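Only heavy atoms go into these numbers, but all of them, side chains included; no hydrogens, no water, no symmetry mates. Counting convention: from 1, in listed order, for ligands and their atoms alike. The structure presented is a predicted model; accordingly, all values stated were derived computationally and were not measured.
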Amino acid sequence: MPNPLYDQLFGVHAGKTTPFLHLQDGSTINHAEFLASAAQIAHVLGQSGMTPGDRLAAQVQKSPEALALYAACVQAGIVFLPLNTAYTTEELTYFIENSGAKKVVCDKSDEPQLLPIAESLGAQLETLNADGSGTLTDHAATMPVDFPTVARDPDDLAAFLYTSGTTGRSKGAMLTQKNLLSNALTLCDLWRFTSDDVLLHALPIFHTHGLFVATNVTLAAGGAIIFLPKFDLDQMIGLMPKATTMMGVPTFYTRLLDDLRFTRDLTAHMRLFVSGSAPLLTDTHLQFEARTGHRILERYGMTETNMNTSNPYDGERRAGTVGFPLPGVELKITDPNGGEALPQGGVGQIEVRGPNVFKGYWKMPEKTATELREDGFFITGDLARIDEDGYVHIVGRNKDLIISGGYNIYPKEIELILDEQPGVKESAVIGVPHSDFGETVLGLIVPEPNAEPDLGTIAEAAKKSLARFKHPKKLILIDELPRNTMGKVQKNTLRDGYRDIFAPAVSQSSAK
Ligand code: MCA
Ligand code: AMP
């Protein structure tokens, strides 16, 4: 029975004993071994009563077993919902409840907090730890090593990825088999991935970049991955000689450039460096070329759309641009007010349509209707222009969003918490340039009349509710927020006023 995503990314490697995952302890898992462990997990899912279309929420550390869990979900027709390991219990509760997940997989250390929540929401819980141990793998070990793949239609859901929004409520982006597969095959072809490639993989596998771009593209090619638990400069430099390609967020590249061991010799054999998830500064692009002789290939995507554009493999990789629309992806620049297409060169919002564009937000038809037009074009909220040669230049955002080290942070979510604190009249959260993370979070707080809110207590409240990467790096009391005549807070004025607060000598500011 056909299951296009499983068949073409995973099943196609059945029986292959060529390496798939090179682990940091020096061991290797080949394709056949990986598929066997995925099949065993798929049996666990099936035997626990999960049926195709059910959701599985996983907040687990990066491990081969975590990746096999993804493959198992695809094979069993379960919708995979990976979650950032930094999310707090409060954040997780929302995701489990909103998605109606039937199973939650988490680290053993999180079980005490999550078990009562899972039980109260009618979900089963399994554990999976960073070293691969846990109830999930214990159960899987007793299962057969092949699993009858569940038939799926290209429009069936394969994954949910939650993405925050300007209202502060996270939305589950529904991604179909077709969305993921079409993008993986297109990128594999465009970036010339083959079974000889070895990708240096230090990205997390709970977001699009690390899972659906880096992993799926390598799978589509039948290549191998040097699978690191996280970005570690020493490991990156130590293992680079064994790789042919690398994908990363701009912070990876600035951190590598900050290290003198990162040289032309170290990278001479490399075939391709890809950057995305946040703007790569022209300066970083040029420094990288001067140091290594390689031009980083920058591409642009979103959780809702996977990848939309890419610089060319063969042609000029133009610094400060995200290249051309991918084959099969239509892209237009429209007037943010009326929605009509602008003439070439005009600055407007990016809209995209193609097999990569998601099906909508889970249980949020109104949200879906405001962002996904009836004709299939998705309104990205990114502002751009197309130059005379067709390269897309992202010049800003029509959405209140901060990108810190490649992670998206919606200010509204933080403002809602700050506003609730005693003595706080209102707040504004902005992104300011940061030399390592590109942008970082600054919270500006206006006290109630005659109140003196305690910033330490407020910071603690934010820590309790929000993932670590969303915590304001600094909170500042101010008298009032600048507003325009319509009463709207002028965040640009605030961003200009505080842009040097972390005094970055060279910044990766997203103010493009
Ligand atoms: C870690 N911290 C962060 C971040 N990461 N704070 C703000 N922003 C971050 N991105 C916290 C840590 O918890 C720690 O807190 C402190 O900052 C310093 O940690 P450090 O050791 O320097 O950080 P790290 O562990 O080295 O992580 C930095 C990182 C990582 C390697 C840049 O954030 C990362 O892997 N980012 C990639 C994100 C990604 O994959 N994005 C793709 C999304 P404390 O000191 O309190 O412990 S997909 C997407 O955007 C679209 C679809 C696309 O186009 O790809
Ligand atoms: P996310 O919602 O996490 O998927 O993040 C998607 C957002 O990241 C996009 O809407 C852009 O604002 C930003 N983004 C991704 N890649 C790039 C890039 N190469 N340059 C600039 N912004 C990017």
Side-chain angles (χ1 to χ4, degrees), residues 62 82 84-87 161-166 170-171 173 175 183 187 201-215 228-236 247-256 274-282 284-285 296-311 319-323 349-350 352 356 358 371 378-384 392-410 431 434-441 459 463 466-473 508-512:
K62 186 174 173 183
N84 194 318
T85 46
Y87 288 146
L161 285 190
Y162 274 83
T163 161
S164 291
T166 42
S170 287
K171 303 164 285 184
L175 296 157
N183 220 235
L187 296 174
H201 192 307
L203 288 159
I205 53 168
F206 43 68
H207 283 313
T208 300
H209 198 162
L211 192 61
F212 302 144
V213 185
T215 305
L228 300 177
K230 61 177 291 228
F231 182 92
D232 176 280
L233 200 47
D234 291 339
Q235 284 188 329
M236 295 297 281
M247 294 186 196
V249 296
T251 300
F252 284 21
Y253 291 103
T254 50
R255 286 186 181 183
L256 284 168
V274 178
S275 175
S277 307
L280 182 78
L281 279 191
T282 298
T284 309
H285 185 105
I296 298 173
L297 185 154
E298 184 171 7
R299 66 17 168 220
Y300 154 70
M302 276 188 83
T303 299
E304 289 90 336
T305 63
N306 280 18
M307 299 305 102
N308 295 311
T309 73
S310 169
N311 267 281
T321 83
V322 292
Q349 61 189 352
I350 301 179
V352 289
N356 55 320
F358 76 143
E371 294 178 39
F378 175 68
I379 306 167
T380 62
D382 290 306
L383 297 173
V392 177
H393 297 238
I394 299 181
V395 297
R397 297 179 198 133
N398 199 22
K399 52 189 172 188
D400 196 11
L401 165 70
I402 301 168
I403 305 184
S404 167
Y407 287 140
N408 278 15
I409 300 164
Y410 279 84
H434 187 269
S435 57
D436 187 27
F437 290 138
E439 280 181 295
T440 195
V441 181
K463 280 185 188 159
L466 299 168
R468 175 76 189 88
F469 65 90
K470 300 178 191 169
H471 298 174
K473 274 249 179 311
Q508 285 172 226
S509 165
S510 69
K512 300 147 283 170

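In this pair, F378 and F358 present their aromatic rings perpendicular. The plane angle is above 60°, beyond the 30 to 60° band.
Comparing S310, P279, S164 against atom 21 (C) of ligand 2, the shortest heavy-atom distance belongs to P279. Of the listed residues (G323, G301, G276), the one carrying the non-hydrogen atom nearest atom 15 (C) of ligand 2 is G301. By heavy-atom distance, the residue among L383, I403, T321, D382 lying nearest atom 13 (C) of ligand 2 is I403. For the residues L401, T303, N311, I350, the heavy atom positioned nearest atom 4 (O) of ligand 2 is part of T303.
Between M236 and R255 there is no side-chain heavy-atom pair separated by less than 4.5 Å. K399 is listed as a side-chain neighbour of Y410, based on a closest heavy-atom distance under 4.5 Å. No side-chain heavy atom of N408 sits under 4.5 Å from any side-chain heavy atom of I402. Using a 4.5 Å heavy-atom cutoff, the side chains of V249 and Y407 are not in contact. Side-chain contact between L175 and N306 is present, with heavy atoms from C-beta onward closer than 4.5 Å. The shortest distance between side-chain heavy atoms of T208 and L161 falls below 4.5 Å. Residues I350 and Y300 meet the side-chain proximity criterion, which asks for heavy atoms closer than 4.5 Å. Side chains of L187 and R299 form no contact here, defined as non-hydrogen atoms less than 4.5 Å apart.
At distances below 3.5 Å, not a single donor-acceptor pair connects side-chain atoms of T440 with backbone N or O atoms of S404. Between the side chain of T251 and the backbone N or O of D436, at least one donor-acceptor pair lies under 3.5 Å.
For ligand 2, the polar-atom distance check finds an N/O of N408 within less than 3.5 Å of one of the ligand's N/O atoms. Inclusion of Y410 in the set of residues having an N or O under 3.5 Å from an N or O of ligand 2 is not warranted. Considering backbone and side-chain atoms together, T380 places no N or O closer than 3.5 Å to any N or O of ligand 2.
Distances shorter than 4.0 angstrom occur between a heavy atom of R299 and an atom of ligand 2.
Using modelled atom types, one finds a donor on one side chain and an acceptor on the other under 3.5 Å when comparing K62 with H201.
Contact atoms of ligand 2 toward M302: 4 (O), 6 (C), 9 (C), 10 (O) (distance under 4.0 Å to a heavy atom of the residue).
The part of A278 lying near ligand 2 is the backbone, judged by heavy-atom distances below 4.0 Å. Only side-chain heavy atoms of E298 come within less than 4.0 Å of ligand 2; its backbone N, CA, C and O stay farther off. In K399, the part holding a heavy atom less than 4.0 Å from any atom of ligand 2 is the side chain.
Protein residues with a heavy atom closer than 4.0 Å to ligand 1 are L203, P204, H207, T208, H209, K230, F231, V249, T251, F252, R255, S277, R299, G301, M302, T303, M307, S404, G405, G406, Y407, F437, R468, F469, listed by chain and number.
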